[in-house]
Amino acid sequence: MEFKDRLLNHWGIHHLHISSKPGNVEGYNKQKHSELLYIRFVEDQAYLLQILDHTAFTDYDLIKIIHNNWPQTIDNHRAHGISGEKYSKDQLKEFRTSNINTLITIDEDNIYFSLGNGVTMSGHNFFLLEILITI
């Protein structure tokens, strides 16, 4: 089975497990109760967002932190001249599970395309798929 990180592919945000217990043999920590460090990497910079649990995977506050503190890092994803709907956490979770790309609506003046560059119907990241096709 191939692992696809939906948070990373949709919003460009990594999540690192914080725990005193080691992960399983493959190195993936399956402790769903552990805290996570949400972090975004842009080129050679790391932007530490928040320490939260797994329920924050669809929390717009993660995007707001980026928007409020480092807007220049996401300006190339800004959607100009269009409106977007702000989806509930449950809707976002369902869309991600179904590999559906959505706009990220902070407010009516701040709407972004996927910060993770979006996904294909198979759940693969568009950017990574483009790299594989050109190789």
Side-chain angles (χ1 to χ4, degrees):
M1 185 170 119
E2 185 179 336
F3 176 73
K4 297 176 187 96
D5 188 329
R6 291 185 173 109
L7 176 63
L8 179 61
N9 288 344
H10 285 266
W11 283 3
I13 296 174
H14 293 263
H15 65 282
L16 307 176
H17 292 255
I18 301 171
S19 175
S20 60
K21 297 179 183 178
N24 67 8
V25 176
E26 291 83 32
Y28 175 69
N29 188 335
K30 293 188 177 188
Q31 290 180 279
K32 296 299 183 187
H33 62 278
S34 66
E35 290 184 316
L36 304 172
L37 170 61
Y38 289 87
I39 185 169
R40 180 166 163 81
F41 295 99
V42 178
E43 296 176 8
D44 62 347
Q45 300 291 314
Y47 299 91
L48 307 179
L49 305 177
Q50 189 87 14
I51 295 176
L52 299 166
D53 61 21
H54 278 85
T55 63
F57 274 40
T58 53
D59 190 339
Y60 284 105
D61 286 343
L62 294 171
I63 304 299
K64 286 181 187 176
I65 291 168
I66 300 167
H67 171 80
N68 290 335
N69 293 287
W70 311 287
Q72 72 283 1
T73 68
I74 59 174
D75 195 51
N76 60 329
H77 294 277
R78 187 179 291 272
H80 298 281
I82 62 174
S83 60
E85 183 175 338
K86 191 164 188 177
Y87 302 104
S88 71
K89 287 184 171 195
D90 289 337
Q91 287 174 306
L92 282 176
K93 185 176 180 179
E94 186 176 329
F95 291 151
R96 283 189 186 162
T97 302
S98 301
N99 299 320
I100 297 172
N101 295 294
T102 61
L103 293 172
I104 304 166
T105 303
I106 302 299
D107 56 46
E108 66 182 46
D109 295 324
N110 296 293
I111 300 169
Y112 295 94
F113 293 106
S114 175
L115 304 182
N117 298 316
V119 296
T120 64
M121 289 300 291
S122 67
H124 290 92
N125 184 283
F126 275 130
F127 179 74
L128 296 178
L129 191 61
E130 179 181 319
I131 290 172
L132 293 173
I133 289 172
T134 58
I135 292 180

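Both backbone and side-chain heavy atoms feed into the values below; hydrogens, waters and symmetry mates do not.
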Just how far is it from atom [atom1] of [X] to atom [atom2] of [Y], taken to the nearest 0.5 Å?
X: H10; Y: I100; atom1: NE2; atom2: CD1; result: 9.0 Å
X: I63; Y: R40; atom1: CD1; atom2: CZ; result: 7.5 Å
X: L36; Y: Q50; atom1: CG; atom2: CD; result: 11.5 Å
X: Y112; Y: R78; atom1: OH; atom2: CZ; result: 3.5 Å
X: F57; Y: L52; atom1: CZ; atom2: CG; result: 10.5 Å
X: L115; Y: I66; atom1: CG; atom2: CD1; result: 6.0 Å

When hydrophobic residues are tied together by side-chain contacts of less than 4.5 Å, even through go-betweens, does [X] share a cluster with [Y]?
X: W70; Y: Y60; answer: yes
X: L62; Y: I106; answer: yes
X: Y47; Y: I104; answer: yes
X: L16; Y: L8; answer: no
X: L92; Y: L7; answer: yes

Backbone N/O of [Y] and side chain of [X]: donor-acceptor pair under 3.5 Å:
X: N9; Y: K4; value: no
X: Q45; Y: V42; value: no
X: D61; Y: K64; value: no

Looking at every heavy atom in both G118 and S114, which two are closest together, and how far apart are they?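 Distance-wise, the nearest heavy atoms are N-OG, 3.0 Å.
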Test item: side-chain donor near acceptor, S88 and D90, under 3.5 Å: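 Note: S88 and D90 side chains miss the donor-acceptor criterion.
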Can you find a heavy atom in the side chain of [X] that is under 4.5 Å from one in the side chain of [Y]?
X: W11; Y: D59; result: no
X: R96; Y: V119; result: no
X: Y38; Y: I65; result: no

More than 12 foreign heavy atoms under 6.0 Å from [atom1] of [X]: is that the case here?
X: K93; atom1: NZ; value: no
X: E108; atom1: CD; value: no
X: E94; atom1: CD; value: no

May I ask you to decide if the ring planes of H14 and F41 are parallel, tilted or perpendicular, using 30° and 60° as cut-offs? perpendicular
Between Y87 and F95, what is the ring plane arrangement, given parallel below 30°, perpendicular above 60°, and tilted in between?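 Plane angle over 60°, so perpendicular.
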The ring pair (Phe, Tyr, Trp, His ring centres under 6.0 Å) partners of H77 (sequence neighbours excluded) come to none
